[in-house]
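A short write-up of the structure that comes next.
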Amino acid sequence: MTTSPGISRRTVLGRLAAAAAAVGTLPLLASADTVRGKTAPEKAHPGRLKQSLSRWTSKAPLPELCKHLKTIGFSGVDLLYADEWAVVSDSGLAVSMGYPAKRDNFIAMGFNDPANHATLLKELEATIPLAKRAGVTNLITMFGNRTAGIDERQAVDNCVAGLSRIAPYAAENGITLCVELLNSKVDHHGYQGDSTAFGVAVMKGINSPNVKLLYDIYHMQIMEGDVIRTIRDNIQWIGHFHTGGVPGRHDIDGTQELNYHAIAKAIADLNFQGFIAHEFMPSRTDPFDSFAEALRICTV
């Protein structure tokens, strides 16, 4: 989800729909050559956070991706469709976030507009039992793009009304619905859920442990900054995190403006039990070097 050159989640969504800072003595992760089995890899200590990688960030076939990620030390793969879940689970990794549908307009079509509720609820009602059987505990959904004639307060109320209808079914099946916060400044012009305040207002209105925010650190840095304090103040409403370097949505290393090791430590210090999923376009020659470095940076 970026205007920078390279593949983006939006691009991958379209294609799929068309087809149907390390500290202390933390050990250095294996290089890409090591990951590929040339020598026995040295895994990072798992640390206090569960880390996964968003599927769209890699062009590798899913079985190969899972094999490499498991060797590096990841716990899961993020943003997968139902027909991909078994591949990941069979590899010994968790599906940290599932999609309830394949649609080109998945981001734009959200709960802020009542006209979308029937479709969105039908998708979730069909996918929730599938997720339960597959051991997938998180499903993503969206606030949606702004609609003419619906102001901010009405949009909050609409989201509360729609998500409140599905929250009991999610709870019954042990599923958490994660509604994503995105930036409307660079990547998703017109997206309504572009502030923590909007998302929290919806969460408070629903007040269910089975509906949470997907706090995308990349997007909220662009819109608001003040990331660590915002996370601390609102952790009870957050069920999942995404990472990405700012600017450009590339590696989360020293080339960008965020200190992800400090952010990861702040999240871990809050005893967060969910996943932090890396969602950036790797800039290194071997993308697995980028993924391994991200894992190391967020191992706290």
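Values reported hereafter were calculated over all heavy atoms of this structure, with side chains retained and with hydrogens, waters and symmetry mates removed.
The distance from the OG atom of Ser283 to the CG atom of Asp253 is 6.5 Å, given to the nearest 0.5 Å. The distance from atom CG of Asn271 to atom CD1 of Ile235, rounded to the nearest 0.5 Å, is 9.5 Å. Put simply, CD1 on Ile166 and CD on Glu172 are 10.0 Å apart, with the number rounded to the nearest 0.5 Å. Distance check: Leu124 CG to Asn173 CG gives 11.5 Å after rounding to the nearest 0.5 Å. If you take OG1 on Thr243 and CD on Gln51, they are separated by 8.5 Å, rounding to the nearest 0.5 Å. Separation of atoms CG (Leu181) and CG (Asp216) is listed at 8.0 Å; rounding is to 0.5 Å.
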message: If you apply the rule side chain to side chain contact (heavy atoms under 4.5 Å, CB included), what do you find for Asn207 with Trp237, and how did you get there?
response: CA-CA 9 Å; Asn207 195 29; Trp237 310 112; 4.1 Å; yes
field: side chain to side chain contact (heavy atoms under 4.5 Å, CB included) between Leu213 and Phe143, intermediate numbers included
entry: CA-CA 10 Å; Leu213 292 174; Phe143 291 113; 3.7 Å; yes
field: Evaluation steps, side chain to side chain contact (heavy atoms under 4.5 Å, CB included), between Cys298 and Ile252
entry: CA-CA 9 Å; Cys298 291; Ile252 62 169; 3.9 Å; yes
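A donor-acceptor pair is defined here as one N or O able to donate and one able to accept, closer than 3.5 Å; no such pair exists between the side chain of Asn210 and the backbone of Ala167. Side-chain N or O atoms of Tyr191 include none that pairs as donor or acceptor with a backbone N or O of Lys185 at under 3.5 Å. The backbone N or O of Gly110 sits less than 3.5 Å from a side-chain atom of Asn116, completing a donor-acceptor pair. Side-chain N or O atoms of Ser54 include none that pairs as donor or acceptor with a backbone N or O of Thr57 at under 3.5 Å. Not a single donor-acceptor pair under 3.5 Å links the side chain of Asn183 to the backbone N or O of His219. A donor-acceptor pair under 3.5 Å is absent between the side-chain atoms of Arg146 and the main chain of Glu152, judged by distance alone. For the pair Gln154 (side chain) and Asp151 (backbone), a donor-acceptor distance under 3.5 Å is present. Listed for the Ser164 side chain is no donor-acceptor partner under 3.5 Å among the backbone atoms of Ala161.
With no hydrogens or angles considered, no side-chain donor-acceptor pair links Tyr215 and Asn234 at under 3.5 Å. For the residue pair Glu224/Thr196, the side-chain donor-acceptor check at 3.5 Å is satisfied.
Between Gly225 and Thr230, the shortest heavy-atom contact is O-OG1, 4.1 Å. Shortest non-hydrogen contact noted between Ile175 and Val136 is CD1-O, 3.0 Å. For the pair Cys159 and Ile206, the tightest heavy-atom approach, listed with the atom from each and the gap, is O-CD1, 4.4 Å. Shown here for Leu69 and Gly76, the closest heavy-atom pair between the two residues is CD1-O, 4.4 Å. Scanning both residues, Ser184 and Asp194, for their nearest heavy atoms gives OG-OD2, 2.6 Å. Of all heavy-atom pairs spanning Leu80 and Glu84, the tightest one is CA-OE1, 3.4 Å.
Note: His117 and Phe111 have tilted aromatic rings, judged against thresholds of 30 and 60 degrees for the angle between ring planes.
Side chains of Asp251 and Gln256 form no contact here, defined as non-hydrogen atoms less than 4.5 Å apart. Thr137 has its side chain out of reach of Thr176: every pair of non-hydrogen atoms, C-beta onward, lies at least 4.5 Å apart. In this structure, Tyr81 and Arg55 have side chains that are not in contact, with every pair of non-hydrogen atoms separated by 4.5 Å or more. Within the 4.5 Å cutoff, the side chain of Tyr99 has no heavy atoms near those of the Trp85 side chain. Within the 4.5 Å cutoff, no side-chain heavy atoms of Ile276 are placed close to those of Ile263. Taking the side chain as every heavy atom from C-beta outward, Glu180 and His240 never approach each other to under 4.5 Å. Contact of the Arg48 side chain with the Asp269 side chain is registered, since non-hydrogen atoms from C-beta on lie closer than 4.5 Å. Side-chain contact between Phe106 and Ile140 is present, with at least one heavy-atom pair separated by less than 4.5 Å.
Residue Leu182 is tested with Gln192, His188, Met223, His242 for a side chain to side chain contact (heavy atoms under 4.5 Å, CB included); the sole match is His188.
A continuous path of Ile, Leu, Val, Met, Phe, Trp and Tyr side chains, each step under 4.5 Å between heavy atoms, connects Val179 with Leu121, placing both in one hydrophobic cluster. Hydrophobic clustering keeps Leu53 apart from Phe275 (ILVMFWY residues linked when any side-chain heavy atoms are closer than 4.5 Å, directly or through intermediates). A continuous path of Ile, Leu, Val, Met, Phe, Trp and Tyr side chains, each step under 4.5 Å between heavy atoms, connects Leu258 with Met281, placing both in one hydrophobic cluster. Cluster annotation: Ile107 is not connected to Ile150 through the hydrophobic network of ILVMFWY side chains, with a link wherever side-chain heavy atoms come within less than 4.5 Å. One hydrophobic cluster holds both Val87 and Leu79 under the rule that ILVMFWY side chains link at heavy-atom gaps under 4.5 Å.
Judged as a ring-ring contact (aromatic ring centres under 6.0 Å, His included), not a single pair has a partner in residues 149-168 (not counting sequence neighbours).
Residues meeting the side-chain hydrogen bond (donor to acceptor under 3.5 Å, both in side chains) test with Lys212, sequence neighbours left out: none. Residues passing the side-chain contact (heavy atoms from CB on, under 4.5 Å) test with Ala86, sequence neighbours excluded: Asp90.
Within a 6.0 Å radius of CZ in Arg284, other residues, nucleotides and ligands contribute more than 12 heavy atoms. Residue Lys50 places its NZ atom among more than 12 non-hydrogen atoms of other residues, nucleotides or ligands, all under 6.0 Å distant.
Residues Phe280 and Tyr218 place their aromatic rings such that the two centres sit no closer than 6.0 Å. Between Phe74 and Phe291, the distance from one ring center to the other does not fall under 6.0 angstrom.
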